[in-house]
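Before any comments, here is the structure.
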Amino acid sequence: MTMAKAKQVRPAPAPSGARLRRRSAVERKKNRAAYLFVLPFVVLFAAMLFIPLVYAGYLSMFQVRIIGGESFIGVANYIRAFLDPRFLEGLLRMGVFLIVQVPIMLSLALVFALALDSGRVRGSRVLRLLIFVPFAVPGVIATLMWGYLYGNDFGPIAQVARALGFAPPDLLASGNILGSIMNIVTWSFVGYNMIIMYAALRSIPEELFEAADIDGAGQIRVAWSIKIPAIRPAILLTVIFSIIGTFQLFNEPSLLYRIAPDAIGVSFSPNFYAYNLAFISLDTNYAAAIAFLLGTVIATISYIIQHFANRSQRSEP
Amino acid sequence: MTRKASRASAGVISGVALAVLLLSGCSAAGSDGPASNTVTKEEFDKAMTTPTDLTFWTWVPDIQNQVDLFEKAYPAINVKVENVGQGAPHYQKLRSAIDAGSGAPDVAQLNFEYMDTFALTGSLLDLVPFGAGELSDQYVDWTWKQVARGDAVYAIPQDSGPMGNLYRSDILTAAGLDAAPVTYADYAAAAEVVRTKTGSYISNLAPGDAGPVIGLLWQAGVDPFGYDGAETVNINVNSDGAKEVMSYWQDLVQKDLISVDPDFTDEWFQGLAGGKYAGWLTAAWAPVFLSGTAASTSGLWTAAPLPQWKEGDNVSGNWGGSADAVMASSANPIAAYELARWINNEQEPALKFSTDQFLFPTLNSVLADPAFSDQEAEFYGGQKVNALFAEISKTVDTNFQWLPFQDFVTSSFNETIGKAIAQKGDFSAGLDEWQKQLVDYANQQGFTVTTS
């Protein structure tokens with residue numbers, strides 16, 4: 001890149017406090033350009049994330065009652081949330097969801113990605129598309145559709161069960177609803193996670209496979225010892241996304257609430273609980289506290305997972 | 001820019017942003033309606049001849065017909081009708097718009113039970129300065145009581161929901177019954193017969209809908225709610241009377257003679273169309289929902305009074321019923337008031353509500369109109385159902401009150417007694433749980449609670 005200015009160009013200064021003040025004009029221009037590039041992101045980040053977060057934090061320290069109006073209560077809302085059995089129950093439910101659904105979904109995604117990458121599958125491009133299509137279906141429509149499929153009277157699953165002669169399982173009953181929702185989420189997101197892993201698989205250098213071939217490794221051995229370790233960062237990415245998505249579960253409980261009011265309570269998931277607190281119980285301040293706590297829980301768990309993943313990576317030779 | 005200076009300026013910027021947020025959070029949603037002086041004829045004429053756009057949130061099907069008549073009468077006013085959902089979603093959106101300070105409609109439909117909830121937060125415009133006070137004699141007494149609070153009037157009544165027993169005469173005949181059961185004892189026996197002989201349920205008890213259950217309690221003389229308009233509420237949903245009513249239903253539900261499907265869902269509409277339910281204990285406005293998906297059953301329905309608890313009694317309850325209110329935030333209060341008043345007060349549109357949309361009228365002149373009372377509804381196989389409901393309407397106890405936080409009442413219903421219904425469990429325990437949730441919430445919101 002040629003310099004437009006004819007001024008003297010000093011070499012880039014070493015990072016020391018005194019010399020930073022005398023940055024060259026070119027450095028300044030480069031910095032300005034950098035700031036300008038980042039500006040759109042910063043503006044959106046501030047407006048859509050940072051400022052609302054601050055406002056929610058501010059709201060969570062107040063209390064508004066129908067009789068008595070607004071009053072400052074400090075951290076009382078957070079203490080209330082810690083002691084709130086419905087919030088804790090919702091968190092626990094999401095924990096169960098995390099432990100059961102995420103490994104199943106990511107294992108499926110990994111198996112699909114490996115199978116399609118192995119080149120042994122005919123029509124892999126079409127299959128890739130088909131597995132990905134559920135992700136393209138908007139979450140609301142997917143849930144409404146599954147709500148119909150699960151229906152006891154007219155849903156196809158129940159009709160097939162009756163045709164085959166046995167009593168249809170009530171998939172929307174309290175005992176089964178969590179499993180039913182796990183099914184919807186898995187169906188929706190397995191394609192998305194598979195594509196991430198598949199893309200990572202495609203970028204593994206070919207020499208590794210040639211070396212493995214020479215050593216006489218079969219496909220399974222190659223998958224286990226070469227491919228999976230190589231796409232470790234991609235798998236970690238999908239794990240983090242899934243954790244965040246799990247704890248933020250909202251679409252499914254919200255839409256199935258109408259058709260399964262006994263199975264889904266207002267505090268089914270912490271996000272749904274915050275929504276109901278804000279819009280039905282008119283307790284926006286407590287909802288803000290719940291949302292903050294939920295965010296903290298998600299951040300903590302994500303950090304722990306990443307920490308362990310990085311540690312074991314560092315310990316490799 | 002030096003690092004220190006940039007940090008300082010960043011601090012100032014975020015400080016200013018925070019200050020702006022704090023200050024904006026402090027401002028209340030104000031309204032700039034006219035003061036308590038009455039609106040003069042000049043102001044009225046000017047407002048109604050200035051081109052104005054009004055937004056009207058309502059879920060009444062085909063209300064565009066009435067609105068078209070209004071627009072013909074006042075060509076300068078343009079009304080946009082929006083259906084933002086029925087029931088809870090409608091109120092949530094309304095409340096969000098009011099809290100946000102923008103996006104609220106000029107006129108909104110409100111069920112009677114939500115009147116206190118919105119009036120308490122100052123969201124409704126007092127209509128007395130616009131002349132609403134003079135309309136009180138024209139409406140059925142108890143419906144006017146639902147929209148008037150002290151010296152203020154907050155809405156114009158549109159319809160009410162006297163409850164009756166709508167049943168499929170063909171299914172009951174197939175089961176060997178030639179008339180609707182008269183007492184609840186007869187009803188229980190009929191439920192058994194209908195279920196065994198035809199497989200249909202004589203009725204459905206929805207686990208996610210507080211309206212019909214409260215209506216049935218209303219019929220039994222149970223008065224669970226009270227609000228003095230200020231800071232005291234009375235909550236008594238687990239009284240002996242209420243428990244007696246619910247244990248009757250628990251018995252039928254546990255014997256699988258009454259189904260417990262959520263109402264107003266696809267499956268439920270299909271059930272009505274397919275004959276899964278032989279009847280529906282519901283309000284006079286029910287056919288407006290049945291003429292959609294269950295249109296194939298038109299002509300097979302008959303209306304009768306609700307079964308009675310004591311032989312010889314004749315009382316009913318009410319489910320729903322709504323009025324049109326003007327939002328305090330409306331920029332065109334005069335035109336908005338006229339819209340709310342006109343479609344519910346002029347004979348032609350008000351009569352249309354009952355003949356076309358099966359709404360049960362609250363306007364005395366419509367109730368007396370032969371076009372209304374002599375109407376032979378094709379849906380009911382030609383029965384003069386309006387005359388029947390007019391009789392039923394007279395038997396509704398008029399002192400029923402509501403709580404000023406109706407959203408919470410209905411949602412906690414689902415969590416407690418609604419859950420008990422869905423799981424065919426202990427309805428009494430469900431009522432106790434509902435009582436506890438309501439009392440806790442009322443206390444937490446600063447109300448003084450009595451429980452008689």
Quick check on [X] against chain A: is it the side chain, the backbone, both or neither that has a heavy atom closer than 4.5 Å?
X	result
Gln444(B)	both
Tyr91(B)	neither
Tyr441(B)	side chain
Ala206(B)	neither

Which residues pass the side-chain hydrogen bond (donor to acceptor under 3.5 Å, both in side chains) test with Asp440(B), sequence neighbours left out?
Lys436(B)
Results of salt bridge (Lys or Arg N to Asp or Glu O under 4.0 Å) for Arg80(A) - residues two or more places apart only
Asp283(A)
Go through Ile259(A), Leu59(A), Asp262(A) and name the one with the most non-hydrogen pairs under 4.5 angstrom from chain B.
Asp262(A)
At a heavy-atom distance under 4.5 Å, which candidate from Phe154(A), Tyr148(A), Phe279(A) has the highest pair count against chain B?
Phe154(A)
Report yes if the side chains of Trp402(B) and Tyr114(B) come closer than 4.5 Å at any heavy-atom pair, otherwise no.
no
Does a side-chain heavy-atom distance below 4.5 Å link Tyr273(A) with Arg86(A)?
yes
Parallel, tilted or perpendicular, judged at 30° and 60°: which one describes the rings of Trp59(B) and His90(B)?
perpendicular
In terms of ring plane angle, is the pair Tyr277(B) and Tyr201(B) parallel, tilted or perpendicular, where the classes change at 30° and 60°?
tilted
Rounded to the nearest 0.5 Å, what's the gap from CG on Leu164(A) to CD on Gln159(A)? Could you check?
12.0 Å
Could you tell me which portion of Ser174(A) (side chain, backbone, both or neither) has an atom closer than 4.5 angstrom to a non-hydrogen atom of chain B?
side chain
Given heavy-atom pairs under 4.5 angstrom as the criterion, report whether the side chain, backbone, both or neither of Tyr275(A) touches chain B.
side chain
At a heavy-atom distance under 4.5 Å, which candidate from Gln423(B), Glu415(B), Gln270(B) has the highest pair count against chain A?
Glu415(B)
